[in-house]
Amino acid sequence: MASNCLFCKIAAGEIPSTTVYSDDDLYAFRDIKAAAPQHILLIPRKHIESVSHLEEVDATVMGRLMVTARRIAEQEGFAEDGFRCVINTGTDGGQTVGHLHLHLLAGRHLTWPPG
Ligand code: 5GP
Ligand code: ZN
């Protein structure tokens with residue numbers, strides 16, 4: 001855990017959040033500023049700053065992250081209608097929190113491409 005990291009603190013329960021999914025390696029919670037009717041953030045509990053910081057050792061948890069996205073989509077009832085998975089990375093990617101997170105967006109038709 002990175003002591004100064006917002007999402008490490010959220011995963012540890014030190015900062016409150018609305019839990020959507022939790023296991024030993026992953027944590028999912030509702031985004032505080034929803035950009036779609038359903039907006040969930042899914043993170044590895046391990047502090048990984050971004051996709052740009054991934055190492056081979058992280059392959060298993062990132063695979064589980066994607067499979068869990070599917071599981072959450074079913075749990076929350078939007079798997080059939082569809083959803084979008086987004087991982088913003090770095091400054092140009094629009095990343096504002098330095099702990100890798102997958103945005104799960106659903107609940108309405110989302111336009112493409114984003115701005
Ligand atoms: P990014 O821009 O880094 O891809 O996404 C960061 C996301 O984290 C944003 O959608 C923002 O609304 C969300 N966020 C920032 N601070 C908090 C917080 O304290 N609690 C929750 N639940 N979401 C947060
Ligand atoms: Zn962190």
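Everything numeric here is computed off the predicted structure, so don't read it as measured data. For ligands, and for the atoms within them, numbers begin at 1 and follow the listed sequence.
- Put simply, the side chain of I40 reaches to within 4.5 Å of the side chain of F78, judged on heavy atoms.
- The shortest side-chain heavy-atom distance between L104 and I72 falls under the 4.5 Å cut-off.
- Near V97, the atoms of ligand 1 lying under 4.0 angstrom from a non-hydrogen atom of the residue are 3 (O), 6 (C).
- Q38 places no side-chain N or O within donor-acceptor distance of the main-chain N or O of G77, the cut-off being under 3.5 Å.
- Scanning the protein for heavy atoms near atom 22 (N) of ligand 1, the closest one is R30 O, 2.9 Å.
- Partners of H53 according to the ring-ring contact (aromatic ring centres under 6.0 Å, His included) rule, which considers only residues two or more places apart in sequence or in another chain, do not exist here.
- Between I32 and ligand 1, at least one N/O pair is under 3.5 Å apart.
- Residues passing the ring-ring contact (aromatic ring centres under 6.0 Å, His included) test with F29, sequence neighbours excluded: F7, Y27.
- Between R64 and D25, at least one side-chain nitrogen of the basic residue sits less than 4.0 Å from a carboxylate oxygen of the acidic one, meeting the salt-bridge criterion.
- Listed by atom number, the atoms of ligand 1 under 4.0 Å from F29 heavy atoms are 21 (C), 22 (N).
- The stretch residues 69-86 participates, sequence neighbours left out, in these side-chain hydrogen bond (donor to acceptor under 3.5 Å, both in side chains) pairs: R30-E76, R70-E74.
- Within the 4.0 Å heavy-atom shell around ligand 1 one does not find I87.
- What sits closest to atom 8 (O) of ligand 1 on the protein, heavy atoms only, is F7 CZ, 3.4 Å.
- We find the CE-CG distance between M66 and L42 to be 9.0 Å, quoted to the nearest 0.5 Å.
- Neighbours of the Zn ion (ligand 2) restricted to protein N, O or S atoms under 2.8 Å: the count is 4.
- Counting protein heavy atoms only, atom 1 (P) of ligand 1 is closest to H101 NE2, 3.1 Å.
- Using a 4.5 Å cut-off on side-chain heavy atoms (C-beta onward), L100 and I43 make no contact.
- Residues L65 and T68 are not in side-chain contact: their nearest non-hydrogen atoms beyond the backbone lie 4.5 Å or more apart.
- If you check which protein heavy atom lies closest to atom 3 (O) of ligand 1, you get T96 N, 2.7 Å.
- Formation of a donor-acceptor pair under 3.5 Å by the Q95 side chain with backbone atoms of G90 is found in this model.
- Of the heavy atoms in I15, none comes closer than 4.0 Å to ligand 1.
- Residue contact check: K33 has heavy atoms under 4.0 Å from atoms 12 (O) of ligand 1.
- Between H101 and H103, the distance from one ring center to the other falls under 6.0 angstrom.
- Closest to atom 9 (C) of ligand 1, if we only count protein heavy atoms, is D31 OD2, 3.3 Å.
- Counting protein heavy atoms only, atom 16 (N) of ligand 1 is closest to L6 CD2, 3.4 Å.
- Residue contacts with ligand 1: S17 is excluded, as none of its non-hydrogen atoms falls under 4.0 Å.
- With a 4.0 Å cut-off on non-hydrogen atoms, T18 does not touch ligand 1 at all.
- Residue-ligand proximity, Q95 to ligand 1, at heavy-atom distances under 4.0 Å covers atoms 3 (O).
- With salt bridges taken as basic N to acidic carboxylate O contacts below 4.0 Å, none links R45 and D23.
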